[in-house]
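Just so we're on the same page: letters track the sequence lines, and every chain starts at 1.
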Amino acid sequence: MPKTFFITTAIDYTNGAPHIGHAYEKILADAIARYQRLSGREVFYLTGVDQHGQKVQQSAQQRGIEPAEFVDGITELFLALWKKLDLKYDAWAATTSDVHKSCVQAILQRLWDEGKFYKASQSGYYSVRQEQFLTDKERGPDGEFGEEWGEVVLIEEENYYFKLAESRQWLLDLIDTRTRSANPIVIPEFRVAELRNAVEKLSGDLCISRPKSRLTWGIELPFDSDFVTYVWFDALVNYISFAGYNATPGADLTDFQAKWPAVHVIGKDILIPPHGIYWPIMLHSLGFTDDQIPALLVHGWWNIAGTKMSKSLGNIVDPSALAEKYGCAALRYYLLSDIATGRDADFSNDRLVQRYNTDLANSLGNLLNRTLNMAKRYRAGALRRMDSPLADFTTEKAATYKKQMAAFQLQSALESVMEIVTRCNAYVEETAPWKLAKDPEQADKLDEVLYTLSEALRIVSILMTPIIPNEADAIRAQLNWTGPVSMEQSTWGLLPDGHVLGEPVPLFPRIEATPAESGA
RNA sequence: GCCAGGGUAGCUCAGCGGUAGAGCAGGGGACUCAUAAGCCCUUGGUCGGGAGUUCGAUUCUCCCCUCUGGCACCA
């Protein structure tokens, strides 16, 4: 049995509403997951929310409500957005759920029993807002801690630490081995060097606890009820706790291992240190073998007019409003086609509208519409199965698409699809079916043209399925293709002789820009 | 300061030893099946600057400028 394709996203922190970056990551993972399903693989797509921690506790306090209540409210926002963006995930990782908590505790207990943790005391300046101890390098030019740290207090406290530094050499070797074996631990590959540098400089261990006097909204350490665990042994563990991992030594891991390892889709901001350093070492300590260390697909950011999106600049882009205004398909297509996986891109409303109008409305939507109209007008919608001059071209582009999708280069894959569409539109002009229709001698040629266009559209609809699933369905509905939908059906010539097409209904209506809104 | 990634047509980017390409935007044209969509033609670039290697460099090497990340240091 082929292994399940396991893909995750970062889990989002429930301290604020989702923005376009959250949406991009989930849509990217969704499209990859959908492609794998289309290719016949069993898929396990896991996404969710990170609900514990001090900031949540504080935000709840400020509103005078319980953290659980506060978290539920924000979680709803994410769930509603994912529904609106048509995400199809197989499991939902909410870190306050019992299955997660007990898994985290089992892991902590096991590592404690195996001597991977120790208790130590640290004293110094602590930023309440940032939940971290500050060192002199955090001081401003005036020697004081800046406002960005909020309230800074001098404290001394005991905490538990995870022995991280002793795995430094192991991780370096792993990075090198995996890079050489063409199974790099980080994609795109240029980020491997960045990670390697960071690992080389690794010194010191990882603090994994917070005393309950400061933080109660977390998972209690099973071996010391005065503490809760700090973010990493909570949030990162979601990747295995929701996949059926059992930390008990000797437990049956058959189901878990049918899925593992995952591909973790993450933003470039959380590669170093959490996903690139802490997570592999955590897994290593739990006895995961080297080839069970997951790969990291690191994506870039959507900037706004060349600058970072940030609350203080007030340039946050709300994906929910965009989907509302332009539709889910326009947003998904834009976010997946206008950025090279791993790199940054500039977000703009104008560009979104332009990509939608040019590619989806003018090229694809119009091709579908003109094809069905001609077939209806000249042949009452009925096709004859004919040989086609575009069969090889389409097959070739579909093969390129497959290669690019498998390599997570969605923008290149989409280019190949649009090349089929563009070729078809040119083919219509070359053959001029409206002229062929007037000449009974040309009946065969006309049938060839109509079959070619319909068949190409059927294949295009399959290739577009991971990107814009609903609209891909709509294309097939108009083509009246009720056969199975998978990559296997993307081979040329499956529309049978005598097939009758459906009614043409304009798909992807053009978005007309209103001058007042055409700004950014 | 160190490591990495960029700097190519108005915009977004591809190419990465044989004197430049795509899409979009701009200009012109022929057509009419179609969502005033589509098709054809076309205007745009001394490929960040300088030096070197080479018969030949956008493509390799070195230096510099500049942008983006990360790390470090000073204060």
Side-chain angles (χ1 to χ4, degrees), chain A residues 135-144 146 186 188-203 267-273 276-277 298-303 305-308 334 337-348 350-379 381 404 409 411-412 414-419 421-438 446 449-450 453-454 457 471 478 501 504-513 518 520:
Chain A
T135 61
D136 283 346
K137 73 179 180 185
E138 266 91 35
R139 291 178 190 273
D142 55 357
E144 300 296 315
V186 182
E189 218 164 323
F190 72 80
R191 294 215 180 269
V192 172
E194 230 163 80
L195 174 59
R196 205 180 185 291
N197 284 345
V199 177
E200 277 192 339
K201 287 176 186 145
L202 176 64
S203 63
K268 62 181 185 178
D269 53 327
I270 52 173
L271 170 62
I272 300 167
I277 300 178
V298 183
H299 68 252
W301 286 340
W302 285 94
N303 298 317
T307 60
K308 266 191 223 180
Y334 173 66
S337 67
D338 215 38
I339 189 170
T341 308
R343 301 198 175 275
D344 290 357
D346 246 324
F347 181 90
S348 107
D350 284 351
R351 186 102 181 129
L352 184 158
V353 170
Q354 189 186 79
R355 295 294 313 235
Y356 172 87
N357 279 341
T358 303
D359 291 356
L360 298 183
N362 296 353
S363 294
L364 177 54
N366 187 46
L367 175 66
L368 174 69
N369 201 235
R370 69 200 302 207
T371 298
L372 295 186
N373 261 294
M374 288 189 285
K376 183 183 178 186
R377 181 180 298 212
Y378 307 139
R379 289 289 186 266
Q404 299 292 3
Q409 297 301 318
Q411 77 292 343
S412 304
L414 281 171
E415 241 171 73
S416 296
V417 179
M418 289 316 300
E419 282 176 41
V421 173
T422 300
R423 183 71 196 87
C424 285
N425 273 319
Y427 175 68
V428 173
E429 306 297 331
E430 288 161 19
T431 55
W434 47 93
K435 285 182 188 161
L436 300 177
K438 289 174 187 156
L446 179 58
V449 172
L450 295 175
L453 297 176
S454 304
L457 277 164
E471 288 68 18
Q478 292 196 31
L501 300 169
V505 183
L507 188 62
F508 307 118
R510 280 176 63 82
I511 300 171
E512 303 300 342
S518 69

Which residues pass the salt bridge (charged side-chain N to carboxylate O under 4.0 Å, His left out) test with A/Arg423, sequence neighbours left out?
-> A/Glu430
Could you give the distance separating B/U59 and B/A20 at their C1' atoms, to the nearest angstrom?
-> 11 Å
What interatomic distance, in whole Å, is found between C1' of B/G38 and the corresponding atom of B/G29?
-> 14 Å
Atom P, compared across B/U8 and B/G48: separation rounded to whole Å = 6 Å
A/Glu419 CD to B/C39 P: how many Å, rounded?
-> 13 Å
Check every strand shown and say whether A/Phe508 touches a base, only sugar-phosphate, or nothing at a heavy-atom separation below 4.0 Å.
-> base
In whole angstrom, what separates A/Leu271's CG from B/A4's P?
-> 16 Å
Could you give the distance separating B/G52 and B/C16 at their P atoms, to the nearest angstrom?
-> 26 Å
In whole angstrom, give me the gap between the C1' atoms of B/G17 and B/U53.
-> 12 Å
Name all residues meeting the side chain to side chain donor-acceptor pair (under 3.5 Å) criterion together with A/Lys376; count only those two or more places apart in sequence or in a different chain, and write none if there are none.
-> A/Glu503
Atom pair distance, as rounded to whole Å: NZ in A/Lys201 and C1' in B/C2 = 7 Å
A/Tyr334 OH - B/C24 C1' separation (whole Å) | 13 Å
CG of A/Leu372 to CD of A/Gln478: how many Å apart, nearest 0.5 Å?
-> 5.5 Å
Result for 5'-nearest mapping on RNA chain B, choosing between A/Glu430 and A/Met374, is A/Met374
Presence of A/Arg191 side-chain N/O under 4.0 Å of B/G69 phosphate oxygens OP1/OP2 | no
A/Asn373: side chain to side chain contact (heavy atoms under 4.5 Å, CB included) partners, not counting sequence neighbours = A/Asn369, A/Pro504
Not counting sequence neighbours, which residues clear side chain to side chain donor-acceptor pair (under 3.5 Å) with A/Asn362? List them please.
-> A/Arg510
List the protein contact pattern of nucleotides 8-14 of chain B with one symbol per nucleotide (5' to 3'): B for base contact, S for sugar-phosphate-only contact, - for none; contact means a heavy-atom distance under 4.0 Å.
-> -------
Just checking A/Arg355: base, sugar-phosphate only, or nothing, at a heavy-atom cut-off of under 4.0 Å?
-> nothing
In whole angstroms, how far is the P atom of B/U32 from the CG atom of A/Asn425?
-> 17 Å
In RNA chain B, stems of three or more consecutive pairs, Watson-Crick or G-U, each with both distances under 3.5 Å, turn out to be B:1-7 with B:65-71, B:10-13 with B:21-24, B:26-29 with B:39-42, B:48-52 with B:60-64
Residues which pass side chain to side chain donor-acceptor pair (under 3.5 Å) with A/Arg351, listed by chain and number, not counting sequence neighbours = A/Asp338, A/Gln354
Tightest non-hydrogen contact, residues A/Trp301 and A/Asp269, listed as CZ2-CB, 3.3 Å
Of all residues at least two apart in sequence or in a different chain, which pass the salt bridge (charged side-chain N to carboxylate O under 4.0 Å, His left out) check with A/Lys435?
-> none
Identify whether any heavy atom of A/Asn369 sits under 4.0 Å from a base atom; if not, whether one sits that close to sugar-phosphate; answer base, sugar-phosphate or nothing.
-> base
For A/Tyr334, which residues count as a ring pair (Phe, Tyr, Trp, His ring centres under 6.0 Å) partner, sequence neighbours excluded?
-> A/Trp302, A/Phe347
Rounded to the Å, how far apart are A/Leu367 CG and B/A37 C1'?
-> 11 Å
Partners passing side chain to side chain contact (heavy atoms under 4.5 Å, CB included) against A/Asn425 (at least two apart in sequence or in another chain) = A/Ser363, A/Leu367, A/Arg370, A/Val421
Between the protein and nucleotides 25-31 of chain B, which nitrogen or oxygen pairs are less than 3.5 angstrom apart?
none

Return the 5'-most residue of the pair A/Leu368, A/Val421 with respect to RNA chain B, ranking by each residue's nearest nucleotide.
-> A/Leu368
Would B/G5 be called syn or anti, given that syn covers angles within 90° of 0?
-> anti
What is the nucleic acid contact for A/Thr371, judged by heavy atoms within less than 4.0 Å: base, sugar-phosphate only, or nothing?
-> nothing
What residues form a side chain to side chain contact (heavy atoms under 4.5 Å, CB included) with A/Gln409, not counting sequence neighbours?
-> A/Thr341, A/Gln404, A/Ala407, A/Gln411, A/Ser412
Among B/A34, B/C39, B/U68, the one nearest A/Lys268 by side-chain distance = B/U68
Point-to-point distance, once rounded to the nearest 0.5 Å, from CE of A/Met418 to CG of A/Leu360 = 6.5 Å
In Å and rounded to the nearest 0.5 Å, what is the OH to CG distance from A/Tyr356 to A/Leu364?
-> 10.0 Å
Kindly say whether, by distance alone, the side chain of A/Asn366 makes a donor-acceptor pair under 3.5 Å with the base of B/A34?
-> yes
Output for pair (A/Ile277 CD1, A/Leu195 CG), nearest 0.5 Å, gives 6.0 Å
Distance, P atom - from B/A14 to B/G5, rounded to whole angstrom | 14 Å
Atom pair distance, as rounded to whole Å: CD1 in A/Ile272 and C1' in B/G69 = 10 Å
Touch class at under 4.0 angstrom, heavy-atom based, for A/Ala426 against every strand present | sugar-phosphate
For the pair made of CZ in A/Arg196 and C1' in B/C71, what is the distance, rounded to whole Å?
-> 15 Å
When rounded to the nearest Å, what value does the distance between C1' atoms of B/G27 and B/U43 take?
-> 7 Å
Check whether any side-chain nitrogen or oxygen of A/Asn197 sits under 4.0 Å from OP1 or OP2 of B/C71, and answer yes or no.
-> no
Whole-Å C1' distance, B/G21 and B/U42 = 16 Å
